[in-house]
Protein chains: 2
Amino acid sequence: MALSDRKKRILRAIVESYITTAEPVGSKAVSELTGLDVSTATIRNEMADLTEQGYLEQPHTSAGRVPSPAGYRLYVNELMDRQQLTLQETQRINEALDLKMEELDRVIDRAGRVLSQLSDYPVFTMAAAKERLTVKRFDLLMVEDDAFIAVVMTDNSIVKNKLIRMSGQLSEPQLQMLSAVLNSSFTGLSREEMAQALDKLETRTAPGAFQLIALVVEFAIEVLESQGQQKFRTAGITHLLEHPEYRSLDKAKPLMAYLSDEGEGTPLPVALDPGKSMDILIGPENVNDALKDTSVVMASYDIGDNMRGVIGVVGPTRMDYAKVTARLSYFADSLTRMFGKELPSPEDSEE
Amino acid sequence: MALSDRKKRILRAIVESYITTAEPVGSKAVSELTGLDVSTATIRNEMADLTEQGYLEQPHTSAGRVPSPAGYRLYVNELMDRQQLTLQETQRINEALDLKMEELDRVIDRAGRVLSQLSDYPVFTMAAAKERLTVKRFDLLMVEDDAFIAVVMTDNSIVKNKLIRMSGQLSEPQLQMLSAVLNSSFTGLSREEMAQALDKLETRTAPGAFQLIALVVEFAIEVLESQGQQKFRTAGITHLLEHPEYRSLDKAKPLMAYLSDEGEGTPLPVALDPGKSMDILIGPENVNDALKDTSVVMASYDIGDNMRGVIGVVGPTRMDYAKVTARLSYFADSLTRMFGKELPSPEDSEE
DNA sequence: TCTAGCACTCACGTTCCTCAAGTGCTAAAT
DNA sequence: ATTTAGCACTTGAGGAACGTGAGTGCTAGA
């Protein structure tokens, strides 16, 4: 049952008013906002209909109306104007991203921070490998008599290194031998496969050499792990406090704790459908309990061929969807353009 | 003017009660807490004295007393018991730090998080080079026909690398030549000196080679910069909300914003005297406005010979100093023991 | 020097009331 | 059949009045 045009106008006015004021909207206000040339009584009737159809809610018998999740859903799907960004804003974004191409993490962190400032909501970011990662190449590099640097280059061209100290000494040819073994037996393997290959190798290799190889392979496994892991980061959580729905600490605390407990074992809040480039979850559509009264708008971007990131905005269900989606999609597009296919990774990595 | 023993006992009782309850303390409560065998009236007299001497304050005529900053100061300097850590806590700390020895940043991040959990206050961390940093050694490592990895090892044994792509091709001997130039002309120099040396080199080197050298040196300068920078990070800001003094958003917001605006240009909140290993700043003793009603307890730890870090706890002036100092100093000591002199860098070396 | 007692002060919680905003319904008008 | 005007009703917010209790300062006596 499609809504009449007038109902849509009314719903839209209510959503937009409530988004900005966070106060229930009454029939009089709607009449003024829509500019409809009908009396408030008529509007009340329409509002009663909308309530019955589940698009609006009443906090209590005699307050104005508030959009229900279904109302927001309809709004973002059909009613909302795509907002234009101002020139300053695009500049701001570009600056944040351009800035001499630092390492991946930092760029994304910075992106999160700026997006949060532009949207007045907290922002989270996440990045993870799409598929299986492998080591493309090992290099060993003598630095002192009793130490060498192991350089590991992954599939997606991330390069990491580690200084390895030995008890004995090692000659250059011996090192080359190790390097040859590593490159022939451990490239192109996933973590589990590497572990298996290492087991097999143990029996038919001299213990001394095996020990060194094991050290390097363990390091490589760590690298793959850290790349494969989803890194969850947040920025601008304090923006939450600016919105009246989080004035009460009981509301704010769980969500803030959830968001700020970054890094360590955060149960991932979201999974974006591979097809979509942008997704909106409104209130109860979120699985996680901490997000039940919260909306999440998120977009994905690609990092090289083999990784994908998600950047998202978190706010009250009455968040300003039009504003947020505009900024978010611009960000995600810029990030993809920046990290996209050709240049598969931030070239510098470190440790 | 030294305080009488009884006055000290009273002050101490008031501070400790107020620390746990966050409620003004009345004469009756003091009488019970101290176990002094005098009437409440006597205690009232003593409290009046203490108020006059500036160690206590009254929120309003007829509430109990609250410690003034001077009161806290006296408490931390003379009255406070050094708390013992429980076995579980030390284990917790050790686990957090041990955990297979990841890179420096992560260890410190994790340390901050655990310390925050143990103390129920937000924690900040900072690390910076003590003196001038230089590059100890360059290595160039061919990876493909048209790309090589530049490995830079600093003074304090931090190793970073970057993949450098070229337009043309390069032979192994040519690469060795570049490496020789870098190691002879750019090691042991500070950032500024490297920039100068690069200028001088330009005139007497072939343009192609010079361009590659410039890329590597620029990278090296970036590395030194990033090491020299003070990295300000925080953990557990939401703990603030658990304390009644930050119930009102007007109080909580500025401080939280200040703390959570990590990374980017945070005006550094603190500078620890080089001599001291632990320092306590109470309320107005803080220079920064956002910290005026806030106390900071911080301790320093050493990272190798050339870097020093600060880890600190932020909370209301009535923070539980005894508890915090105990945990903090244990952390700082452990960190120093871990990163201290001998093994100067995050890379762990295996025996 | 300490104590007991007393009058005084304030913040806080409760209750009660009013007020304004907004509603639903009905009856008349278009 | 819709729309409008009018009206009675509901409800939360805000404010005044009030009692309560914790805590104080002061004074007089031990």
Side-chain angles (χ1 to χ4, degrees), chain A residues 1 3-11 13-15 17-18 20-68 71 244-245 247-248 251, chain B residues 1 3-11 13-15 17-18 20-68 71 244-245 247-248 251:
Chain A
M1 40 113 152
L3 271 63
S4 75
D5 231 41
R6 193 167 67 187
K7 281 205 176 60
K8 283 186 185 169
R9 277 179 75 175
I10 290 172
L11 177 57
I14 290 176
V15 172
S17 163
Y18 187 63
T20 56
T21 63
E23 305 257 306
V25 189
S27 50
K28 188 156 156 249
V30 172
S31 150
E32 281 158 16
L33 285 167
T34 55
L36 282 175
D37 210 11
V38 293
S39 76
T40 60
T42 312
I43 289 176
R44 276 203 294 283
N45 285 331
E46 296 284 52
M47 284 163 76
D49 287 359
L50 285 169
T51 307
E52 202 166 333
Q53 291 169 75
Y55 294 113
L56 295 179
E57 283 171 359
Q58 289 180 291
H60 54 87
T61 322
S62 165
R65 298 303 208 292
V66 160
S68 73
E245 24 273 285
R247 297 232 120 211
S248 128
K251 306 266 178 176
Chain B
M1 35 114 160
L3 270 64
S4 75
D5 230 42
R6 193 167 66 189
K7 281 205 177 61
K8 282 186 186 170
R9 276 179 75 176
I10 290 172
L11 176 57
I14 291 176
V15 171
S17 163
Y18 187 62
T20 57
T21 63
E23 304 257 305
V25 188
S27 49
K28 187 156 157 248
V30 172
S31 150
E32 282 159 15
L33 287 167
T34 54
L36 281 175
D37 209 14
V38 294
S39 77
T40 61
T42 312
I43 288 175
R44 276 205 294 283
N45 284 332
E46 297 283 53
M47 284 164 75
D49 286 359
L50 284 168
T51 307
E52 202 167 332
Q53 291 169 75
Y55 294 114
L56 295 178
E57 284 172 357
Q58 288 179 292
H60 54 89
T61 322
S62 164
R65 298 302 209 292
V66 159
S68 73
E245 23 274 286
R247 297 232 121 212
S248 129
K251 306 266 178 174

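Per chain, numbering begins at 1; letters A, B, ... match sequence-line order. In this text, all values refer to a predicted model and were calculated from it rather than measured experimentally.
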* In whole angstrom, give the distance that lies between atom OH of Tyr18(B) and atom C1' of dA22(D). => 16 Å

* Asked: Between Arg44(A) and dC7(D), is there a side-chain N or O to OP1/OP2 distance below 4.0 Å?
  -> no

* Judged by atom type as modelled, is there a donor-acceptor pair below 3.5 Å linking the side chain of Ser68(A) to the main-chain atoms of Gly54(A)? -> yes

* In whole angstrom, give the distance that lies between atom CG of Leu50(A) and atom C1' of dT23(C). => 15 Å

* Send over the distance from Ile10(A) CD1 to dG22(C) P, rounded to a whole Å. => 15 Å

* Would you kindly give the NZ-to-P distance between Lys28(A) and dT23(C), to the nearest whole Å? => 12 Å

* Hey, is the side chain of Arg65(B) poking within less than 4.0 Å of OP1 or OP2 on dG25(D), counting only N and O atoms? -> yes

* Of the options Thr42(B), Thr40(B), Val25(B), Ile10(B), which is the one that meets Met47(B) in a side chain to side chain contact (heavy atoms under 4.5 Å, CB included)? -> Ile10(B)

* Give one of base, sugar-phosphate or nothing for Thr42(A), where a contact means two heavy atoms less than 4.0 Å apart. => base

* Let me know, please, whether Ser62(B) or Ala41(B) comes out on the 5' side of the other along DNA chain C by nearest nucleotide. => Ala41(B)

* Quick one: label Ala63(B) by what it contacts on the DNA or RNA (base, sugar-phosphate, nothing), any heavy atom closer than 4.0 Å. => sugar-phosphate

* **Atom pair distance, as rounded to whole Å: CD in Glu57(B) and P in dT24(D)** => 15 Å

* To do: Measure the distance from CG on Asp37(B) to P on dT1(C) and round it to the nearest whole Å.
  => 19 Å

* Asked: Is Thr61(A) near enough to dT23(C) that one of its side-chain N or O atoms lies under 4.0 angstrom from OP1 or OP2?
  -> no

* Asked: How long is the span from the CD atom in Glu46(B) to the CD1 atom in Ile14(B), to the nearest 0.5 Å?
  -> 10.5 Å

* Asked: In whole Å, what is the span from the CD atom of Glu52(A) to the P atom of dT23(C)?
  -> 15 Å

* **Rounded distance (Å) that lies between atom C1' of dG23(D) and atom CD of Glu23(B)** => 13 Å

* Which nucleotide sits closest to the side chain of Asn45(B): dC2(C), dT23(C), dT3(C)? -> dT3(C)

* Asked: What's the shortest heavy-atom distance between Thr34(B) and Ala13(B), and which atoms?
  -> CG2-CB, 3.6 Å

* Structure fact -> Of dG23(D), dC10(C), dT24(D), the nucleotide closest to the side chain of His60(B) is dC10(C)

* CZ of Arg65(A) to OG1 of Thr51(A): how many Å apart, nearest 0.5 Å? -> 3.5 Å

* Structure fact -> Per atom distances to the Gln58(B) side chain, the nearest of dC10(C), dG25(D), dT3(C) is dG25(D)

